[in-house]
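Every value quoted in this text rests on a predicted model; they were computed, and no experiment measured them. Below, each value reflects all heavy atoms present in this structure, side chains not excepted, and no hydrogens, waters or symmetry copies.
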Amino acid sequence: MAVFLRLILRNGTSAPTDDIPVLAVDAFRGAILEGVERGARIASLFCVPAAGESLRLIAVLADGAAGDIGIQATDVDGEYPALTPDCPAASWFEREIAEQWGLRPLGHPWLKPIRFHRPYRRVRDAGVRHGESDIEPGVTDHFQVQGEEIHEVAVGPVHAGIIEPGHFRFQCHGEDVLHLEISLGYQHRGLERVLPGGPTPRTIHYMETLAGDTSIGHALAYAQALEALATARVPARAQAVRGIALELERLANHTGDLGALAGDVGFLPTAACCGRIRGDFLNMSALLCGSRFGRGLIRPGGVAFDIDPARRDDLAGRIEAARRDVGEAVELLWNTPSVMSRFQETGRLTRQTATALGLVGVAARACGLERDSRQEFPAGIFRFAHIPVSTADSGDVFARAFVRWLEIQRSLAFVADQLRSLPEGRVRETPSSLLPGHITVSLVEGWRGEICHVVMTDGAGRLGAYKIVDPSFHNWFGLAMALRNQQISDFPLCNKSFNLSYCGHDL
Amino acid sequence: MLRILNARLRQGHRTIGYPDAAPVLPDRFRGRPALHAARCETGCRICADVCPTQAVQRHGAGIAIDLGRCLFCADCAQACPTGAITFTGDHRLAARTRDDLVVRDEVRRLARALDDGSRRLFGRSLKLRQVSAGGCNACEADLNVLSTVVFDLSRFGIQFVASPRHADGLVVTGQVTSNMKTALLKTYEAVPPPKLVIAVGACAISGGPYIGHEACLDGAAACLPVDLFVPGCPPHPITILDGLLRLLGRLDGRAGEH
């Protein structure tokens with residue numbers, strides 16, 4: 001077996017950018033394919049400008065078994081042999097790179113825009129769109145099935161509920177979906193492009209609003225990255241508060257999702273209760289920091305709010321009450337045959353598909369994959385307090401619901417535990433200035449799955465390249481695959497069982 | 001079935017007392033800022049410099065805060081050496097005009113009710129179509145929450161509907177990204193007149209943290225006539241509800257008015 005050079009980091013550590021081995025293209029591809037073969041995942045794959053007209057491709061491989069994060073690079077000019085034919089998990093990344101930089105992945109089977117924006121520099125067309133005409137979202141060659149009685153259903157970007165915009169094209173035969181194509185980009189705000197040169201007073205707010213339902217997750221990934229680049233020590237008490245906040249975010253969203261899944265199959269008791277209990281969890285975040293979404297809590301160097309004894313007791317009491325309420329509301333699901341018959345065998349993904357696509361988070365764990373950054377790449381409080389990985393193996397809507405329920409119970413226990421044993425001391429240290437010319441990878445297990453921020457500083461110690469991967473970026477294709485051979489009427493249920501972020505994807 | 005009924009009984013009635021009772025908000029909640037201009041030192045602009053969205057501006061000898069841009073992060077209050085800015089627990093933030101969102105002095109310019117004709121049309125039944133045109137899904141989340149048993153929006157005759165054809169107006173969230181502009185305008189066209197537009201959240205009012213970004217407009221007013229602005233990042237559900245009820249003139253004499 002060939003041994004490939006790579007820079008190895010642990011989660012939340014940094015190294016000089018010059019330490020990244022720049023390989024020949026073939027060795028770079030070989031390193032990624034060999035890593036994925038061994039069980040590592042592509043956590044990030046992105047481009048930065050290199051000398052002259054060329055681009056540097058940087059791949060970040062997360063090896064959960066070893067807890068290592070491997071980084072390697074290659075310099076390319078205009079085109080390179082695509083990874084996607086050999087590694088489907090690279091598909092979305094290669095489409096992203098082609099759209100941003102005009103770099104053509106030769107042999108990519110399905111090269112199309114993913115966000116519908118102008119390229120980052122004047123480049124010849126990388127094949128993602130036709131000509132230089134105005135870029136219209138959703139206007140591209142959609143995959144089409146031809147034949148008698150085949151019809152196409154187009155939905156969105158504006159949907160029937162209070163939900164973010166996206167465009168869905170179903171190729172149907174009668175009620176059966178042969179293929180779903182998902183076209184996003186409507187929420188694109190140009191976020192990554194404004195980060196270099198920072199941090200500015202706005203940077204933390206970009207992090208808290210890049211996917212607003214994951215404010216804590218992304219702000220934590222950012223703070224962890226900055227702390228790695230400044231080699232700052234975060235007080236133990238702050239690490240505990242951060243862990244509590246991250247799990248409260250998971251609790252609120254998982255509870256809301258179970259309620260919404262119940263609503264989608266017309267089972268209102270759980271829908272009504274969970275809608276309310278989700279709010280109870282949001283209000284617990286507001287008890288910590290005044291914001292239901294945890295805005296203002298996570299700051300580089302620690303947290304901006306402490307938990308005084310009265311607040312700790314209040315929170316512990318609310319956690320205990322919510323534990324009783326959510327248990328009662330959710331157990332109804334598993335005891336109701338009409339619910340179970342709609343959940344089971346719907347939107348099934350195999351373990352093989354989940355592995356090939358590089359899925360993360362609840363969607364991956366529901367296919368039996370033991371992927372959880374809190375366990376694989378523990379940082380902060382999770383180095384000391386372990387939360388067992390929750391999995392199921394049927395890969396269907398039921399499995400995605402049941403994994404959420406397991407995680408709710410484990411997060412409740414974790415928060416109660418942390419509140420009982422909060423370390424003493426300060427909650428924030430002032431971080432020093434950033435090391436120039438360094439790179440760090442920051443992984444956080446958000447409620448949807450692995451959040452990955454790769455941050456490089458420039459020669460002056462300012463933010464240089466900043467690459468964000470929301471878990472949804474890995475998982476949207478999983479939803480498309482889960483819809484194959486399903487009834488089109490089950491789309492809302494399948495969609496909700498993934499509950500992916502549009503803005504986190506679109507950035 | 002018995003299990004369901006038992007759970008239903010035990011979980012009980014959960015709708016809040018607002019607006020007949022004052023809302024219960026967390027002690028760290030950051031609502032309407034209060035300015036103490038007398039404490040401002042000449043030439044000091046620390047608050048303006050730390051503000052991520054230029055919501056805080058020097059205004060004569062004192063300061064002004066544009067709630068339409070404010071993210072309620074309170075960085076200005078933290079940075080001020082003399083305590084000239086404090087964030088109160090007052091949730092009432094919505095206003096009818098962009099200028100009414102600028103806090104300069106003691107005067108609160110809360111949202112006025114619609115004229116009598118519009119109130120006759122919408123006052124007891126208002127159907128709204130929501131369009132997410134950018135943003136981060138937090139405003140959407142706290143709009144969705146209004147339909148839960150806790151806020152029970154439909155007790156006021158207000159409902160979110162699936163089709164713009166069934167709606168009396170739009171609730172817009174997000175900066176209006178370039179990629180959503182056409183869809184937003186088409187949805188607006190599909191709402192039969194007379195129609196209202198309500199901009200919820202800093203992004204939909206001013207662009208929020210994304211002010212000046214090339215990929216988006218700076219809020220809904222750049223392409224639609226806005227009748228009500230609800231500030232916040234995101235606004236608390238009570239702030240949204242307060243704005244809607246004021247617009248419909250439904251708060252008169254209730255505890256929630258004050």
**Contact class of P26(B) relative to chain A, heavy atoms under 4.5 angstrom** = side chain
**Item:** Which portion of L71(B) sits near chain A, non-hydrogen atoms under 4.5 angstrom
**Value:** side chain
**Fill in**
Honestly, the part of S132(B) sitting under 4.5 Å from a heavy atom of chain A is both
**Fill in**
Whatever's closer than 4.5 Å to a heavy atom in chain A on P234(B) counts as both
**Heavy-atom proximity to chain A below 4.5 Å, by part of V161(B)** = backbone
**Request:** With a 4.5 angstrom heavy-atom cut-off, could you sort out which part of D506(A) is near chain B: side chain, backbone, both or neither?
**Result:** neither
**Prompt:** Among D213(A), T209(A), T214(A), whose side chain to side chain donor-acceptor pair (under 3.5 Å) with N137(B) holds?
**Reply:** D213(A)
**Asked** Do other residues, nucleotides or ligands put more than 12 heavy atoms under 6.0 Å from the CD atom of E214(B)?
**Response** no
**Request:** Give every residue pair that meets the salt bridge (charged side-chain N to carboxylate O under 4.0 Å, His left out) criterion with at least one member in residues 262-273 of chain A, sequence neighbours excluded.
**Result:** none
**Request:** Compare every heavy atom of S291(A) with every heavy atom of R30(B), then report the nearest pair and how far apart it is.
**Result:** NH2-CB, 4.2 Å
**Item:** Intermediate values then yes/no, side chain to side chain contact (heavy atoms under 4.5 Å, CB included), H205(A) and D75(B)
**Value:** CA-CA 11 Å; H205(A) 302 285; D75(B) 281 354; 4.0 Å; yes
**Item:** Under 4.5 Å from any heavy atom of chain A - which part of I16(B)
**Value:** neither
**Complete:** Listed by number, the residues in residues 198-210 of chain B that come under 4.5 Å of chain A (heavy atom to heavy atom) are P209(B), Y210(B)
**Asked** Which region of D27(B), side chain (C-beta onward) or backbone (N, CA, C, O), has a non-hydrogen atom less than 4.5 Å from a non-hydrogen atom of chain A, or is it both or neither?
**Response** side chain
**Item:** Salt bridge D280(A)-R14(B), side-chain N to carboxylate O under 4.0 Å
**Value:** no
**C233(B) portion near chain A, given a 4.5 angstrom heavy-atom threshold** = both
**Message:** Strictly by salt bridge (charged side-chain N to carboxylate O under 4.0 Å, His left out), give each pair with a member in residues 132-147 of chain B just once, sequence neighbours left out.
**Reply:** R292(A)-D142(B)
**Request:** Give, as side chain, backbone, both or neither, the part of V50(B) having an atom under 4.5 angstrom from any heavy atom of chain A.
**Result:** backbone
**Asked** Which pairs pass salt bridge (charged side-chain N to carboxylate O under 4.0 Å, His left out) with one or both residues in residues 191-206 of chain A, sequence neighbours excluded?
**Response** E192(A)-K467(A)
